[in-house]
Amino acid sequence: MRKLIIALGFLAFVTKVSAQDHDEANYEESKVPEYTLPDVLKTSSNKEVKDKMMWEKVRRPEVLKLFEDNIYGQMPKSYDNITYSVTNEDPAAMNGKAKLKEVLIEVFNNNKSVKINLVLFVPNKVKKPVPAFLLINNRGKENTDPTRAVKSDFWPAEMVIDSGYAIAAIHVSDLAPDNKVTYVNGVLQLYPEQLTADNGMKAIGAWAWGASRVMDYFETDKDIDAKKVAIVGHSRGGKASLWAAAEDQRFAICVSNCSGNTGAALARRQFGERINRINASFPHWFNNNYKKYNNNENALPVDQHMLIALVAPRPLYATNASKDLWADPKGTFLSLKNAEKVYALYGLKSKLPATSPGINEPIIQSPLAYHIREGEHNLTAYDWNNFIKFANYQYKKNK
Ligand code: GTR
């Protein structure tokens, strides 16, 4: 009994602390400070970027490096070896409509290895190779159940298969456990030098790195059109999907669902979650240098619109939920708007309106797509349904 009371007391304390954090955050537009965003099209030597060549040769590498050094950490690209083994296969999964492949991707470096368990369903009735969606799963593994005994709208595999796409998932814990102590037990063992560098990779970087290893595998799988892979993530996973697409230009489409602070939302608005909060709660997500920006957003040499810009010219879909003010819906929309000029260098015209569309009024037929869904912080069938429409639109157009 006494233990129960202590446990309940502790739970009340934890709930109170996190409720307090959320309560203390600013949710009033009138209290958003005035701010000036860094100019994505001005180089560090103050030259204006006028065309895509200059963007690609000069400014894009600069911006990528600023994000590596100040926020997400370095992205190691080489490793000693990689192997792929199919550990389970079912040609007639989902009542015959899909082939299931469970693939163990093992990556070796520094005499250590990391094992990535990929779950993949490929539609049977569609001509191969097929385009695919890959989810970086930050929730329970039951959400991506290969047996389909458990079905979850977080990863609605049947719906995606019925739409003619392959659907895949990896779990973040294979790469870096989502814990401030144990996050080192994964990819970071392959790159120990990252642990001591102030701009070293941490958990979000490790998750993005893992998505790229799946891409390495897809390039060898004849069922998959590796030129048409959409990387998808929700919330902390959506921060990782953005970072994966920024670092690895093989991802054809980026989907960042409710990614909020240090995801798709602008930091300088200081609305909802802020950098000091995210660094205090999740010190293992971003590099050491990022801690310098606690309560000091304006000192950042970047803001998140520049992360969106790193995905250009590839199509990008960001979302919010109406009850999720913690993730700053307006700041997310503004981030997309401020990246439009980089897409314009490629002659791509964003169809986003000047101000955010209404709830459940998705803007899909645009290189920069957006919706704010009615409801809570989550990844739902509504969201996925729009991502499928977005992919349909993009791929047909680009044929
Ligand atoms: C919250 C965190 C957010 C977001 C979210 C999630 O606690 O403050 O940045 O990542 O978790 O991943 O659901």
Side-chain angles (χ1 to χ4, degrees), residues 11 13-27 67 71-73 135-144 152-155 169-173 175-180 183 202-208 210-211 231-244 254-287 290-291 293-295 297 300 303-304 307-308 318-332 335 372-373 375-380 383-384:
L11 196 71
F13 170 74
V14 171
T15 324
K16 202 166 156 218
V17 169
S18 65
Q20 240 173 30
D21 296 344
H22 285 241
D23 289 349
E24 276 166 16
N26 175 42
Y27 294 117
F67 276 105
I71 305 185
Y72 304 98
L135 176 73
I136 301 173
N137 180 18
N138 57 295
R139 291 208 179 155
K141 281 199 174 171
E142 70 282 0
N143 285 289
T144 63
S152 157
D153 282 350
F154 196 76
W155 192 70
I170 50 172
H171 197 267
V172 295
S173 62
L175 300 155
D178 195 358
N179 174 289
K180 64 181 169 201
Y183 77 96
K202 292 213 182 198
I204 299 264
W207 304 342
I231 182 74
V232 183
H234 165 67
S235 203
R236 63 198 71 187
K239 306 179 208 292
S241 69
L242 278 169
W243 186 233
C254 177
V255 177
S256 185
N257 194 73
C258 295
S259 59
N261 187 274
T262 326
L266 293 177
R268 279 171 174 73
R269 276 173 43 82
Q270 304 174 21
F271 188 102
E273 186 172 31
R274 288 185 59 186
I275 294 173
N276 62 324
R277 258 324 323 153
I278 209 166
N279 280 335
S281 314
F282 309 103
H284 59 292
W285 282 0
F286 310 107
N287 69 22
Y290 198 42
K291 279 67 180 177
Y293 304 101
N294 289 344
N295 291 311
E297 281 86 351
L300 265 172
D303 209 315
Q304 298 304 115
L307 182 60
I308 307 278
T319 79
N320 287 108
S322 61
K323 293 187 182 152
D324 182 20
L325 295 184
W326 183 239
D328 190 11
K330 184 169 176 188
T332 302
S335 192
I372 174 162
R373 169 180 48 73
E376 312 279 347
H377 180 73
N378 200 358
L379 172 57
T380 70
D383 301 312
W384 278 101

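One-based numbering, in listed order, for ligands and for the atoms of each. Atoms considered below: every heavy atom in the structure, side chains included; atoms not considered: hydrogens, waters and symmetry mates.
Of the N or O atoms in His234, none lie within a sub-3.5 Å distance of an N or O in ligand 1. Of the N or O atoms in Asn261, none lie within a sub-3.5 Å distance of an N or O in ligand 1. Close N/O approach between Ser259 and ligand 1 is not found [any backbone or side-chain N/O within under 3.5 Å].
Heavy-atom proximity to Ile278, at under 4.0 Å, picks out these atoms of ligand 1: 9 (O). Residue-ligand proximity, His377 to ligand 1, at heavy-atom distances under 4.0 Å covers atoms 5 (C), 6 (C), 13 (O). The ligand atoms of ligand 1 that sit less than 4.0 angstrom from a heavy atom of Trp326 are 2 (C), 8 (O).
Between Lys239 atom NZ and Ile136 atom CD1 the span is 12.5 Å, to the nearest 0.5 Å. Note: Lys330 NZ to Ile372 CD1 = 12.0 Å, rounded to the nearest 0.5 Å.
Thr319 and Asn257 share a side-chain donor-acceptor pair at under 3.5 Å. Between the side chains of His234 and Arg139, at least one donor N or O lies within less than 3.5 Å of an accepting N or O. Using modelled atom types and a 3.5 Å distance limit, the side chains of His171 and Thr144 yield no donor-acceptor pair.
Ring-plane geometry between Trp243 and Phe67 is classed as tilted, the angle between the planes lying from 30 to 60 degrees on a 0 to 90 degree scale.
Contacts with ligand 1 closer than 4.0 Å are made by heavy atoms of both the backbone and the side chain of Arg236.
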